[in-house]
2 protein chains.
Amino acid sequence: MTEKTFTESIEMYLKTLAEAGLGEPIAIGKIAEKLNITPVSANEMVQRLSRQGLVRHTPYKGVELTKKGRGVAVDVIRRQRLWECFLLEHLNLEWSQVYDFACSLEHATAPIVTEALAKFLGFPKTCPHGNPIPDENGNFEILDGIPLPAIEVGKNVIVQSIKHPPGDVLAYLQERNIMPGQQLQIAEVAPMEGPLTLEINGREVALGLNIAEFVNVTLCEE
Amino acid sequence: MTEKTFTESIEMYLKTLAEAGLGEPIAIGKIAEKLNITPVSANEMVQRLSRQGLVRHTPYKGVELTKKGRGVAVDVIRRQRLWECFLLEHLNLEWSQVYDFACSLEHATAPIVTEALAKFLGFPKTCPHGNPIPDENGNFEILDGIPLPAIEVGKNVIVQSIKHPPGDVLAYLQERNIMPGQQLQIAEVAPMEGPLTLEINGREVALGLNIAEFVNVTLCEE
DNA sequence: TAAAATGTTATGGCTGCCCTTATTATTCCA
DNA sequence: TGGAATAATAAGGGCAGCCATAACATTTTA
C-alpha cells in the first residue's frame, strides 16, 4: 500500500480538481481562483503535483487527476462529507457552515478515525448538501440531478444537491430554503441572462443565474 | 477580543508547556525533547513566542506561559480532551490511541465546533485519561492525585489519571489495565530505583519507576 | 488575422519552522 | 572551585508554499 500522507495544501488542490469535475481537464486559472492564490503559484504547485504523479498537466490545456490523485481526492472528499454529516446532525451546526468546518477537520483525520466515524454515522450515502459520500473503496454513485437553469418554466422540481459555491452563497441559499429535499417551481425566467423567479412554499424568490448553476434538481413526477 | 488564530506548531509548544506543569519555568531542553526537535530550534521558536507575548523566557532559567499563552494552551487542551471523549465513547477507538488522534483534530477545531462538541458530550469534566477538561472560560479543577511512586507498600489505591507519557507507553498501560478507575495495590518496591510490583485484579504486574511517575492515584478509604 | 485573454517560465523574495555546526555563557555538582 | 552539563547565540541551509514582476507562448474571439 502507498499509504502515504499528503500536506493540507496538496489535499486541497486534489479536492478542488475533483470537485470541479471528474472528466475534463481543468484550467490552471480556475484552480487558482478557487484556491484564492495567484495563477503563477498554482502553476508551480501543479508541477510539484505532477512530479508526484498525482496530476497530469498538458500545457495550455489543463490539469487532470491521475488515478492516484483521484484516489487521494476521493478519500479527502469522503472525510469531509462524513464530518459534514456529523457536524449537522449531531452537533447541530448551521447547514451553511458545516462545509467549512469539515474542511478543516478533513485534513486532520486518520483512516481509522474516518472509518469509525462512518460507522458511527451509519454509513450515510450523501452529505448535507446532497453530494454523494464515497465508500471505503472510493466508489460512489454519480448524481442524476440537472442544473436549475436547464429546467423549463412551470416545472415542479425537488432540489437534489448543491455544488459547493464560493463565498457566502450557502448562507444565502439556506435563508431562502434552497436546500436538498426542498420542492420548488420555476415561475419565471427573466430575459438577458436575468434571474430566475422561483416559487418556494408559496413564496416568490429571485435567484441569479450564476447561483442557480450550483443547484441541481430532479423533476417531480406527477 | 484578541480572537487570533495560531499555527499548529505554536499550539503544540503552548500545550507542551501547559502539560509540563503550570507552575515553574520549563527548561528549553525539556521542550525540545517532548516536541522531538533540537534545542536550537526550540530556542528559536521560544523567542518567537516571546515576541508574541505568549511566553516569558528567562535565559538559563526556563520558559513560562504568560497569561495570554496560558489562555491559548488551556483552550487547545480543552479541544483535545473533548475530542478524546468523543473518539473513545462514540467512535469506540482505543483508549491508548485517542490522545494522538485528538491531537490532530484539536488544531482544526473552531470555537463554535468546540462548544457544540462539549454540549454534545454533555460537558464532560475529565478526559479518558482522567485529566480535567477546562470549561469554556478556561477554568478547571486541579487534581489531587498522587504519583504512584509516592505511595507506600500495601496501600490500596485507585488510578485517578495518567499524565501524557512519551511513545507507546499508553498502549503498555492499557494492556496492563492501568487506567483511571482501576483499583490496585503496591505489592513491592524493588531497591535501587527498581520497578514497583503492583497487584491488579489478583495478578502481579511489574512497573518501572519512570512509567509509574505518570500514574496518579488516590488512596482508597476503607 | 490580429488583438485580447490566458497560460507558462524565469527571477527574486518572503515566512514559518526546522536542521547542522561551532562558539560562548551560565549553572550545577562533585 | 573547576569540569560537566546545559543553555544561548551565530551563521548558513533546506523545504513548502506562497508572493510580485516581467517576458514570452499559445489559444480564443471578434
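Here the structure is a predicted model, which is why all the values come from computation and not from measurement.
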Handout entry: dT8(C) OP1/OP2 closer than 4.0 Å to side-chain N/O of Q47(A)
Key = no
Problem - Contact under 4.0 Å: S41(B) side-chain N or O vs dC17(C) OP1/OP2 - result: no
Check the orientation of [X] and [Y]. Use parallel for under 30°, tilted for 30 to 60°, and perpendicular for over 60°.
X      : Y       : answer
H90(A) : F120(A) : tilted
Y99(B) : H164(B) : parallel
F86(A) : W83(A)  : perpendicular

Return the value, rounded to whole Å, for the distance between atom [atom1] of [X] and atom [atom2] of [N].
X      : N       : atom1 : atom2 : result
F6(B)  : dG16(C) : CZ    : P     : 13 Å
Y13(A) : dA16(D) : OH    : P     : 14 Å
R48(B) : dT15(C) : CZ    : C1'   : 9 Å
E33(A) : dG7(C)  : CD    : C1'   : 15 Å
E44(B) : dA10(D) : CD    : P     : 12 Å
I31(B) : dT6(D)  : CD1   : P     : 15 Å
N36(B) : dC19(C) : CG    : C1'   : 14 Å
L49(A) : dA16(D) : CG    : C1'   : 12 Å

Would you confirm whether [X], through its side chain, and [Y], through its main-chain N or O, come within 3.5 Å as a donor-acceptor pair?
X       : Y       : value
D168(A) : A171(A) : no
R176(B) : Y172(B) : yes
S104(A) : T109(B) : no

Handout entry: Matching residue for R79(A) among E115(A), E106(A), E11(A) - test: salt bridge (charged side-chain N to carboxylate O under 4.0 Å, His left out)
Key = E11(A)
Exercise for the section: Have a look at E8(A) and say if it touches a base, only the backbone sugar-phosphate, or nothing, with a 4.0 Å heavy-atom cut-off. Expected result: nothing
Practice task
Look at all strands and tell whether S9(A) reaches a base, only sugar-phosphate, or nothing, counting heavy atoms closer than 4.0 Å.
Solution key: sugar-phosphate
Side chain of [X] - closest among [options]:
X      : options                   : answer
T7(A)  : dC19(C), dG17(D), dC18(D) : dG17(D)
N43(B) : dG12(C), dT21(C), dA7(D)  : dA7(D)
V40(B) : dA10(D), dC18(D), dC18(C) : dA10(D)

Practice task
Let me know which of L54(B), T58(B), T16(B), I28(B) forms a side chain to side chain contact (heavy atoms under 4.5 Å, CB included) with V63(B).
Solution key: I28(B)
Completion exercise
The answer to which of I28(B) and A42(A) contacts DNA chain D further toward the 5' end, by nearest nucleotide, is I28(B)
Practice task
Using heavy atoms and a sub-4.0 Å distance, could you list which residues of residues 55-62 of chain A are near DNA chain D? By number, please.
Solution key: Y60(A), K61(A)
Exercise for the section: Answer yes or no: is there a side-chain heavy-atom contact under 4.5 Å between R78(A) and E136(A)? Expected result: yes
Practice task
Using the salt bridge (Lys or Arg N to Asp or Glu O under 4.0 Å) rule, take K15(B) and E8(B) through it: C-alpha gap first, then chi angles, then the decisive distance, then the call.
Solution key: CA-CA 10 Å; K15(B) 190 181 79 171; E8(B) 178 164 337; over 6 Å; no
Problem - Structure string for DNA chain C in dot-bracket form, Watson-Crick and G-U at under 3.5 Å, | interchain - result: ||||||||||||||||||||||||||||||
